[in-house]
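In what follows, a structure is listed as structure tokens, so that the remarks can point back to it.
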Amino acid sequence: MDYDFQAIEKKWQQEWNQRKAYEVKNPTGSDKQKEPYYVLDMFPYPSGAGLHVGHPLGYIASDIVARYKRQQGYNVLHPMGFDAYGLPAEQYAIQTGQHPEITTEKNIARYVEQLSKIGFCYDWGRSVRTCDPDFYRWTQWAFCRMFNSYYDTDKQQARPISELVARLEKEDSHWATMSERERQEYLMQYRIAYLADTKVNWCPKLGTVLANDEVSEGLSVRGGYPVEQRVMRQWCLRVSAYAQRLLEGLDKIDWTDSLKDTQRNWIGRSEGAEMRFAIKGQDEPFTIFTTRADTVYGVTFMVLAPESEYVQRVVTEEKRQEVEEYLQWVKRRTERERIADRHVTGVFTGSYAINPLTEKEIPIYVSDYVLAGYGTGAIMAVPAHDSRDYAFACHFGLPIIPLIEGADVSEQSFDAKEGRMINSGILNGLEVKEAIAKMKAYITEKGIGRVKVNYRLRDAIFSRQRYWGEPFPVYYKDDMPYLIPEKCLPLRLPEVKDFKPTEDGQPPLGHAEKWAWDEKNEQVVDKKLIDNKTVFPLELCTMPGFAGSSAYYLRYMDNKNDNELVSREANTYWRQVNLYIGGTEHATGHLIYSRFWNKFLYDLGVVCEDEPFKKLINQGMIQGRSNFVYRYTGEGATGNLYVSYNLIDTPPYKGHVQPIHVDVNIVKNDILDVAAFRQWMPDYKDAQFVYSDGSSDVDNPYMGNATDKQYICGWAVEKMSKSMYNVVNPDDIVERYGADTLRLYEMFLGPLEMSKPWDTNGIDGVHRFLRKLWNMYETLTNEEPTADELRSLHKLIKKITWDIENYSFNTSIPAFMIAQSELAGLKCTKRAVLEQVAALLAPYAPHIAEEMWHRCGHDDLVIDAEWPKWNEQYLEESGVKYPVQFNGKVRFTIECAKDTPKDEVEKMVLAHADTTKYLNGNAPKRVIVVPGKIVNVVV
RNA sequence: GCGGCAUUGGCGGAAUUGGUAGACGCGCCAGACUUAGGAUCUGGUUCGCAAGAGUGUAGGUUCGAGUCCUAUAUGCCGCACCA
């Protein structure tokens, strides 16, 4: 019987559904507890374009692990959900008036359908979507808790704000005299979710602010629109309070070094010192941050960030206008201009600071190369040893004093962090490292400054001026925010008549009619009733995309719980995600925010693990592999003659062809389907070709119908996108080859973590393997397997087990192929062998494995089959000594004395019982003797 | 500029603790069966006529290096005026 993959896959998908094969239960009280294992994919944003062939890569890998762990007897949680709030649905809504909810619903349905076809073992009953009120209720809840918490720097954890209030009442005499509003303002400086005027990335085109990780090179990551800096009153999360813990937590988790480095880089811890510099003629000094305390003697000027509060304090009357003009100019510049044009700019403020060590007067400048958001927004400039300061000093003709022996600063600065100090008073003769330490001690002792650690990590801006997101459970009384009570959650997203911002520039929620809070009756009421006595306006912003994705993995543990985000019981059972698979693009966004969020919940005692994701794998991106046809543009060109790729560099075509993208779906193994091309677009209806052998339709109009003529396409690796006609839809592959072939082939493409182009060349080979394997299950016998058969089988078991344990899925497919060909060569029809092969194949190709498993006479499902165990004895009995190497290499190790001569060793090898058995009395091919160590024998 | 990753046949890639480099697949070549085949099966396929050479390049460690070390080139990714 032929391998009818369509029938098999349909049959088993239905069967799995009916038997509720993938339903996962939390153990209750008296249950015998199976060991839990939690495998998670980063949930997708359901875009209108549907899944392409790159999406399932990680999902297949996690599915393999999930199925494998299940066969090993674990209780496996392997859920899937949707990150359903987001910009594209909202922009689509603005353009078409279609409610984002409808678009999202439609897209999710499409995703579910596509995913189902691939045969993932998700428990859809545990699915979540971030736009579901039952879900975002817990996002709002967490926000409320953050609002009601502050970060206790002594205890290094979040504590209820009520503790801070209690302390203030007891210890701070000022507190009692404060008005309610003053108190709220004061507390706002401590809350973990707080409202503040901050400089934000404002994207006028999107009409919203963006977080730092949503901006790249001055453009929005989504859409690529210009972003400018603006000061706005925004909700923020005090992520920076967790900087040190986020950094330390990395040591406890099993992520790749490159990802950890990216996060370390993003957190950007730097140890340095804060120093106070007196201002000439003023009492109050100002503070700077430096990592190079050793270079104080070389400070020849100071620089303030344009946004720094110090600027107004130090600017002199004569210079005021010039400075103001500069500040205005800086403000007008977009982030993009600032990045593109890095010429030195700045102005002198007219004031002088006093170097605390040399007592010299040094001028204070304002320049936009100093950032307001880092350190204190002010620096001491050491032109000799900092390239930025050097450029500035050269531009303004300021003195440059070298501080390290042998440094030549006539052409450029000497940025190295080693050498012996000169021109540096008390530091002279010391190495840089010693000098830094000594200076830190000195300034601490003299009260000039203190040791200080700074982080690059900023607080996350949490407001978005958008419609399609979680509403804040916040209303405003006397212009101060108050939370609606937790028991009233979820605060549902209201209907609006327009998804654009209002005419007076309010966020889209400004259009909502019923969007006010009745404090007394604790309910949402019509906006018209606002009297600011009992009915108050609600917050108009919504939360950003990362809000809903920051704790979703917890909700899967207990997604039907109406009382809590996750019950204590469920959380202490599942604990944390054992294996998390997703793209590297979330390294500084989602993966920082959810670690922060999780740590906050940990402080609250809601979760029992302070890191959410134990092991993380970044699957590589699947790029597109575009195909090209080459239009002839040379002499006598008609515009519809296309030259085969192998001829484009030969006369008369050389230099006269224009590559044109062609739909990869009408190209197979780089050979164009000529008929399909002519039908593809009206323009190509009359296309003529020059084929690979040089023959042409022009000479013979019927040539194109001949079957031995081939038109070869060129190719290139590009981003998978519609405009390049290189998007491959998994549905098409499933239709043509089946889900099992798709699954195997995606794994076969290469290592999971590496980026690679999607290349359909070669998928036939994998499909052929499945067909060949399938044919072996035609008739089965109950005979005892032979030694050779067992050897093949046990080699396979060992290999596949090793592969999955080490996430090396790509090398499993060749192992299956080899086993198949070995067993076929032995004409193996033994049930005892083939049922084990089916069980091994089940994680990779579940449908065919299921069918094979049943042909072997089983009624249960293959996913519940026990994972086969290999037996060294079988491998030994068949004449192979452990360890067995994959390529048929065999190595022995025999201990021998240091100075044993080579031929002696050879004799010893031959005398060795196991060796003799394997060698059949022949001499080994190679004997390698390492004196005093081991002997390796290659046979 | 800083940090990370990669580089192996015509192509994707194997080589798990340093031990016969090129597994497996694609493509290609030859053969078989066919009226035919973009079907199936069998065999071959790193380069070189050969001796030999060979894992980006140049060194080093080692009995032995694709694998470890140093330098260097190229490509990809992340961060970037972070003091």
Side-chain angles (χ1 to χ4, degrees), chain A residues 212-213 216-217 256-266 268-270 272 288-292 295 303 305 338-339 342 344 367-371 373-382 385-389 391-392 415 454-458 584-585 587-588 618 620-621 623 625 668-671 673 707-708 710 715 744-745 748-751 753-757 759-769 771-772 798-799 802-803 805-806 808 810-818 821 883 885-891 893 902 925-926 928-931 933-934 936-939:
Chain A
N212 285 343
D213 67 285
S216 172
E217 310 217 345
T256 59
D257 287 339
S258 80
L259 187 58
K260 284 185 185 179
D261 279 339
T262 302
Q263 290 218 338
R264 286 193 189 106
N265 205 317
W266 189 258
R269 178 189 160 100
S270 63
I288 58 96
F289 174 77
T290 181
T291 53
R292 292 293 300 274
T295 58
V303 189
R338 206 169 140 152
I339 289 162
R342 286 199 178 161
V344 175
S367 174
D368 67 350
Y369 83 88
V370 175
L371 304 176
Y374 186 77
T376 61
I379 62 155
M380 59 180 215
V382 186
H385 303 287
D386 182 289
S387 53
R388 296 155 302 183
D389 296 344
F392 195 87
D415 291 11
N454 248 320
Y455 298 91
R456 206 185 69 98
L457 185 71
R458 311 290 161 81
T584 174
E585 67 272 18
T588 53
N618 285 128
M621 280 244 280
Q623 298 137 304
R625 188 181 188 278
K668 204 186 163 196
N669 289 0
D670 293 335
I671 308 293
D673 182 335
T707 47
D708 60 333
Q710 293 190 331
W715 60 276
L744 283 179
Y745 189 59
F748 183 61
L749 272 177
E753 299 183 73
M754 241 195 255
S755 281
K756 56 232 156 188
D759 181 355
T760 331
N761 300 353
I763 195 165
D764 290 306
V766 171
H767 189 67
R768 240 191 312 267
F769 152 70
R771 261 202 335 252
K772 286 190 222 166
K798 193 173 179 182
K799 170 73 178 146
W802 190 93
D803 280 350
E805 293 284 350
N806 291 280
S808 173
N810 56 322
T811 55
S812 282
I813 286 89
F816 277 120
M817 289 174 172
I818 290 165
S821 103
Q885 299 270 331
F886 173 48
N887 286 353
K889 258 178 268 176
V890 183
R891 258 173 69 201
T893 62
K902 206 167 178 174
K925 250 188 201 167
R926 239 162 47 124
I928 303 151
V929 184
V930 183
K933 289 185 198 165
I934 48 168
N936 293 297
V937 183
V938 181
V939 293

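Lettering of chains follows the sequences in order, A, B, ..., and the numbering in each one begins at 1.
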For A:D257, is there an ion pair with A:K260 - N to carboxylate O distance below 4.0 angstrom?
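Salt bridge flag = no for A:D257 with A:K260.
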Report the distance from atom [atom1] of [X] to atom [atom2] of [N], rounded to the nearest whole Å.
X: A:Y455; N: B:rC79; atom1: OH; atom2: C1'; value: 19 Å
X: A:M817; N: B:rG25; atom1: CE; atom2: P; value: 6 Å
X: A:F392; N: B:rC81; atom1: CZ; atom2: P; value: 17 Å
X: A:D764; N: B:rU40; atom1: CG; atom2: P; value: 8 Å
X: A:N806; N: B:rU16; atom1: CG; atom2: C1'; value: 7 Å
X: A:I763; N: B:rG38; atom1: CD1; atom2: P; value: 20 Å
X: A:I379; N: B:rA83; atom1: CD1; atom2: C1'; value: 5 Å
X: A:K756; N: B:rG13; atom1: NZ; atom2: P; value: 8 Å

Within less than 4.0 Å of OP1 or OP2 of [N], is there a side-chain N or O belonging to [X]?
X: A:R456; N: B:rA83; value: no
X: A:R625; N: B:rG12; value: no
X: A:S270; N: B:rA83; value: yes

Write down the distance separating the C1' atoms in B:rA71 and B:rC77, rounded off to the nearest Å.
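That atom pair is separated by 24 Å.
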Whole-Å P distance, B:rC26 and B:rG43:
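Here B:rC26 and B:rG43 have their P atoms 14 Å from each other.
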Please determine, for the side chain of [X], which listed nucleotide ([options]) has the closest atom?
X: A:D673; options: B:rG38, B:rA80, B:rA39; value: B:rG38
X: A:F748; options: B:rA14, B:rC24, B:rG4; value: B:rC24
X: A:I818; options: B:rA23, B:rA14, B:rC41; value: B:rA23

Distance-only donor-acceptor check, side chains A:S821 and A:K772, under 3.5 Å:
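Not at all, the side chains of A:S821 and A:K772 share no donor-acceptor pair under 3.5 Å.
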Parallel under 30°, tilted from 30 to 60°, perpendicular over 60°: which one fits the rings of A:F392 and A:Y369?
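The rings of A:F392 and A:Y369 sit tilted, inter-plane angle from 30° to 60°.
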